[in-house]
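Structure first, then comments.
Every chain is numbered from 1 and lettered A, B, ... according to where its sequence line falls, protein lines coming before strand lines.
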There are 2 protein chains.
Amino acid sequence: MTNPMLHRQRFGLALLFGLAMPLLAQASEPLPSWNDSPAKKHIIEFVEAVTDQSGKDFVKPAERIAVFDNDGTLWSEQPAYFELLFAFDEVKRTAAQHPEWKTTQPFKAVIENDHKALAAAGMDGILKIFAATHTGMTTEAFDDYAKTWLTQARHPKTGKPYTEMIFQPMLEMLDYLRSQDFKTYIVSGGDTGFMRAFAEKVYGIPPEQVIGTTFVTAFEYKDGKASIVRTAKLAHNDDGPGKPVSIDSVIGRRPILAFGNSDGDLQMLQWTAAGPGKRFMGLVHHTDAKREWAYDRQSDIGRLDKALDEANSRGWTVVDMASDWRRIYPFDPPVTEQVK
Amino acid sequence: MTNPMLHRQRFGLALLFGLAMPLLAQASEPLPSWNDSPAKKHIIEFVEAVTDQSGKDFVKPAERIAVFDNDGTLWSEQPAYFELLFAFDEVKRTAAQHPEWKTTQPFKAVIENDHKALAAAGMDGILKIFAATHTGMTTEAFDDYAKTWLTQARHPKTGKPYTEMIFQPMLEMLDYLRSQDFKTYIVSGGDTGFMRAFAEKVYGIPPEQVIGTTFVTAFEYKDGKASIVRTAKLAHNDDGPGKPVSIDSVIGRRPILAFGNSDGDLQMLQWTAAGPGKRFMGLVHHTDAKREWAYDRQSDIGRLDKALDEANSRGWTVVDMASDWRRIYPFDPPVTEQVK
């Protein structure tokens with residue numbers, strides 16, 4: 001009575017139900033690097049609510065705009081913003097073409113690793129360094145410099161390329177949102193061109209969804225050759241109130257989800273929160289001195305003070321890196337129990 | 001021997017092949033409002049070349065960026081830019097709140113329909129009218145004003161809403177490109193907010209793909225209420241060299257297709273043409289005084305002079321509205337033979 005065809009069919013069903021189903025289940029289980037704590041629950045509840053076509057909180061796909069700060073939210077920002085470290089390295093790389101830098105601040109300080117003189121040069125000094133390393137070249141040349149540095153440079157603490165010091169739980173969140181027809185944007189203080197040099201490869205965020213600080217550029221055309229040249233004049237400072245301004249200017253829709261990690265993100269969160277319907281506002285709180293860094297209210301970089309108070313008082317989601325994330329970087333081993 | 005089931009099946013097949021197939025064929029025949037002239041052939045050849053995965057000109061979907069001017073390219077622009085007519089109407093609508101306008105130029109000229117005084121006020125006058133009608137309000141309020149006007153206002157010549165004076169052949173081109181995974185953008189001299197008020201509904205182009213002239217905006221936050229306020233300071237003039245600049249700033253990729261109709265589009269076309277690989281540069285030439293308007297080298301509005309010379313010398317596609325388009329507006333009846 002044995003029918004080999006029937007067996008084959010049964011085996012086929014076994015394959016379908018016994019093997020394929022767990023794979024599907026795995027694929028539909030979002031945020032595996034997040035512990036099962038309230039932060040993860042808030043994210044999933046929000047996404048399920050706005051994507052449920054029969055629910056009162058449904059948002060149509062075209063309006064599912066999610067904005068993320070970059071420094072400290074999608075990747076680390078210690079011991080200094082990575083883009084500043086790029087700028088310092090660029091000063092050193094091009095120093096031979098600028099013999100005057102040997103005796104001119106703030107360049108002398110950078111070349112000599114003189115932290116005290118650099119601190120004394122202050123924000124004016126930083127702006128001079130940015131002008132010297134980020135402008136006076138075509139946008140294509142700048143993209144090349146940024147890409148070369150991102151490939152070659154290593155972080156002083158981890159020894160890893162900067163593009164590996166990205167947060168695995170946030171990568172999973174970006175993927176999860178996109179799988180639910182969200183459009184994910186970066187809205188960050190970094191130079192737009194610098195972030196575009198890696199955002200597509202590293203985060204899956206295409207250049208047209210990267211919004212940042214910009215310099216005035218000029219179109220140049222000569223003998224059929226066209227270029228866009230970066231000038232030293234600041235066009236837009238994408239920090240604080242500059243964030244909702246650039247969101248409105250570039251996207252033209254109010255986000256329904258915003259994620260940041262510092263007071264520079266407060267206005268973007270307020271702008272998102274002030275819209276109608278269900279909204280998600282999140283903050284990454286750097287609480288993990290062992291696996292990453294721990295800092296907030298007194299920090300020079302990524303100060304989280306007013307935004308933390310507002311998040312706490314308004315019930316926004318504050319992610320505690322130490323207890324909410326099983327893994328920080330993609331190169332970290334996953335931790336199964338909660339880290340204290 | 002008659003089997004009714006068989007008949008039913010045959011009828012089913014006839015339905016499938018006899019009725020469904022022509023529908024499919026129709027759906028796959030792009031650009032029905034274009035005559036079978038070289039312009040149509042150039043567009044289709046270009047699209048087929050860059051979407052042919054096995055061909056040397058293949059461009060991956062993410063890089064299929066197409067940019068279109070709006071005034072004179074996607075909709076008409078005579079007897080004046082429609083947005084200027086909006087501004088004039090807004091001056092009249094709000095005149096009661098500004099009694100001083102009765103005696104102040106250029107507002108007096110607008111209220112009294114005094115074309116001579118308006119012409120005498122020149123570009124300075126126009127800027128004052130734009131400041132009074134486009135700024136000093138939230139972006140949401142401006143969007144409301146624009147939408148109300150677009151619904152109520154009628155064109156002086158056709159009596160139609162301005163949003164119906166769009167070019168049917170260009171709508172078909174936008175649809176055709178999107179069906180081939182192009183991302184279609186507006187890059188135009190109009191105010192970004194004004195164009196966003198209708199672009200999604202009328203052209204299927206979402207707000208984040210509308211790039212135009214912008215005013216500096218400011219974030220305001222009070223008692224949990226957030227708004228973006230338009231100030232009278234010009235941020236970006238999206239005309240001429242401003243077009244490649246905004247394309248680079250907002251999109252961050254070089255388009256592979258650009259379409260314009262005037263000298264204000266020349267730099268956008270040059271920027272597009274100067275990239276590597278296969279490219280498409282197109283100009284709408286307004287040659288149809290009967291169905292639309294005829295103007296080019298001497299026109300105050302939409303002057304097409306240098307760009308026409310460059311298009312002719314470099315073999316760009318120049319669309320002759322009179323002979324290349326079977327239909328101008330969606331409300332026009334299609335013309336089967338070529339119009340002379």
Q: Heavy atoms only, distances under 4.5 angstrom: which of A:Pro244, A:Ala273, A:Pro241 has the most pairs with chain B? Name it, please.
A: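 Most heavy-atom pairs under 4.5 Å with chain B: A:Pro244.
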Q.
Quick test of your reading of the model: are A:Asp144 and A:Lys147 salt-bridged, counting only N-O distances below 4.0 Å?
A.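 So A:Asp144 does not pair with A:Lys147 through a salt bridge.
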Can you tell me how far apart [atom1] ([X]) and [atom2] ([Y]) are? Round to the nearest 0.5 Å.
X        : Y        : atom1 : atom2 : answer
A:Tyr203 : A:Leu171 : OH    : CG    : 7.5 Å
B:Met268 : A:Phe219 : CE    : CZ    : 11.0 Å
B:Arg230 : B:Asp191 : CZ    : CG    : 4.0 Å

Q) For B:Lys243, which of B:Asp238, B:Asp263, B:Asp265 qualifies under salt bridge (Lys or Arg N to Asp or Glu O under 4.0 Å)? A)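 Filter result, single survivor: B:Asp265.
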Q | Residues of residues 248-256 of chain B contacting chain A, heavy-atom criterion under 4.5 Å, by residue number | A |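 If one takes a 4.5 Å heavy-atom cut-off, the residues of residues 248-256 of chain B near chain A are B:Asp248, B:Ser249, B:Val250, B:Ile251, B:Gly252, B:Arg253, B:Arg254.
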Backbone N or O of [Y] within a donor-acceptor pair of the [X] side chain at under 3.5 Å?
X        : Y        : answer
A:His236 : A:Gly242 : yes
A:Arg196 : A:Pro207 : yes
A:Gln180 : A:Thr51  : no
A:Thr213 : A:Asn237 : no

Q: Using heavy atoms and a sub-4.5 Å threshold, report which of residues 309-317 of chain A line up against chain B, by residue number.
A: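 At a heavy-atom separation under 4.5 Å, chain B is reached by A:Glu310, A:Arg314.
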Q: Name the orientation class of the two ring planes belonging to A:Phe215 and A:His134 (parallel below 30°, tilted from 30 to 60°, perpendicular beyond 60°).
A: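 Ring orientation of A:Phe215 relative to A:His134: tilted.
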Q | Heavy-atom closest contact (A:Ser246 atom, A:Val187 atom, distance) | A |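 The pair with the smallest heavy-atom distance is OG-CG1, 3.9 Å.
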Examine whether an atom of [X] lies under 4.5 Å from a heavy atom of chain B, and if so say whether it belongs to the side chain, the backbone or both; otherwise answer neither.
X        : answer
A:Tyr185 : side chain
A:Ala218 : backbone
A:Glu140 : side chain
A:Gln209 : side chain

Q. Cut-off 3.5 Å, side chains only: do A:Arg178 and A:Thr184 have a donor facing an acceptor?
A.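 Result is yes, a qualifying pair exists.
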Q: Measure B:Thr217 against the heavy atoms of chain A and call it side chain, backbone, both or neither at under 4.5 Å.
A: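 For B:Thr217, backbone and side chain are both near chain A.
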